[in-house]
Q: 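Please find one structure pasted underneath; my questions will follow.
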Amino acid sequence: MSIRIPDSIQRLVPYVPGKPIEETKREFGLKKVIKLASNENALGPSPRAVKALKGAVKELYRYPDASAFRFKAKLAKFLNVQAGEILLGNGSDDVIDLLIRTFSVPGEAILTTKAAFVAYKVCAQMNGVETIEADLDADLKPKLDQMLELAKKDDRIKLIFLANPNNPTGTYVKNSELLSFLKQVRQIRGGSVLVVLDYAYWEFVDAPDLTPPEKLYPEFENVMILRTFSKVYGLAGIRMGYAVGSKDLLSFVERVRQPFTNNSLALVAAEAALGDRAFVRKSFKTNLKERAKWEKFFQKNGIPFWKSQGNFLLIDAMKGFGKTGVEVFNEALKKGVIFRPVANYGLHHALRISVGTAEENAFAMKALKAMKV
Ligand SMILES: Cc1ncc(COP(=O)(O)O)c(C=O)c1O
């Protein structure tokens, strides 16, 4: 080929999404397939969002409101911040990309951990930015001391990404440790390292020692919070995520952002979903109940797992089944259940299971049980 493909692009490893249901049905000739692979809301989308979308369709010939005035005003009120302290993106993946593009240049670096949410590394790589990864401890929690050492030592590091709780591990950093970490990062190179705390799963959290995201802001100028409508609000398909942070810093991100990133349906759906507090509560409660059922199932069947604060659980497939995560994933496919292998996170021995509805979970448990010999 005579068209030059830059090295940085050739090295990109494409993102592997969860396997689609229809594809699995076709491949294995199955009538019933359930998907517990993408940490989506088991209860579906917010009903209020669905209703609002129906009314919004007739306005599709118009461009969306580039300033997202109405939605941002509501979101700002909900979060108790100013509209200028919010930056909207086409899903939080988009926000991650925008932050890296705004606050680092090719040749610089982001710092995260091993087995961190994969988009950090993918977006960095897309922008010619290096990813430096700190280790996890035996409980799959980030080694914060090592992160601090790395951040101090390497002045290429301009951003730190930490998901709390993290996907795919489900583990979290508790209040006291997080606050001490943030205080120490603030001391590095005059507070010039930006910390992005990804709270995608915050609404599912029930741990009392995990700080609500709004408590961290604006105490730290160099901290931004990432949130999404893809999880508890059930709107993964419409794409709406956002960052909350310093107005001054976000004004630069706004310059990088395309004006019509958020389509008009996404704005309408997210606004309606935000007001659907009953749905959020129901989703939280269902997840808690169903996650506990999974834990019991794992304990009963000798399948080790990591305690999770999200709507998913990571199991040790090697210890539980004597097989790699990919092997258990492939066997489960034949039984009509799609899980998520996490070998791309360096966790060859593990498998991630999203928490589904009571019926889906029972079906998936039956499939797993049949695989235990
Ligand atoms: C930790 C974490 N952050 C961000 C995202 C991306 O969410 P969005 O759908 O808003 O792009 C995910 C999606 O799975 C995630 O697990």
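Order of appearance sets the numbers: ligands from 1, and atoms from 1 within every ligand. All residue numbers in this chain count up from 1 along the given sequence.
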Q: If you define the side chain from C-beta out and look only at heavy atoms, does anything of Met371 sit under 4.5 Å from Lys323?
A: no
Q: Please tabulate, one line per pair, the protein N or O atoms found under 3.5 Å from any N or O atom of ligand 1, giving the distance to one decimal.
A:
| residue | atom | partner | partner atom | Å |
| --- | --- | --- | --- | --- |
| ligand 1 | 3 (N) | Asp198 | OD1 | 3.3 |
| ligand 1 | 3 (N) | Asp198 | OD2 | 2.5 |
| ligand 1 | 7 (O) | Ser92 | OG | 3.2 |
| ligand 1 | 9 (O) | Ser230 | OG | 2.6 |
| ligand 1 | 9 (O) | Arg239 | NH1 | 2.8 |
| ligand 1 | 9 (O) | Arg239 | NH2 | 3.4 |
| ligand 1 | 10 (O) | Ser92 | N | 2.7 |
| ligand 1 | 10 (O) | Ser92 | OG | 2.7 |
| ligand 1 | 10 (O) | Thr228 | OG1 | 2.6 |
| ligand 1 | 10 (O) | Ser230 | OG | 3.4 |
| ligand 1 | 11 (O) | Ser92 | N | 3.1 |
| ligand 1 | 11 (O) | Asp93 | N | 3.0 |
| ligand 1 | 11 (O) | Asp93 | OD1 | 3.4 |
| ligand 1 | 11 (O) | Arg239 | NH2 | 2.7 |
| ligand 1 | 14 (O) | Tyr201 | OH | 3.3 |
| ligand 1 | 14 (O) | Lys231 | NZ | 2.9 |
| ligand 1 | 16 (O) | Asn167 | ND2 | 2.7 |
| ligand 1 | 16 (O) | Tyr201 | OH | 2.7 |

Q: Tell me yes or no: between the side chains of Arg352 and Asn167, is some donor less than 3.5 Å from an acceptor?
A: yes
Q: Between Ile315 and Trp294, is any pair of side-chain heavy atoms under 4.5 Å apart?
A: no
Q: Is there side-chain contact between Phe229 and Ile238, with heavy atoms separated by less than 4.5 Å?
A: no
Q: Does Phe204 have Lys231 sitting over its ring (NZ/CZ under 6.0 Å from centre, angle to axis within 45°)?
A: no
Q: When rounded to the nearest 0.5 angstrom, what is the spacing between NZ in Lys19 and NZ in Lys35?
A: 11.5 Å
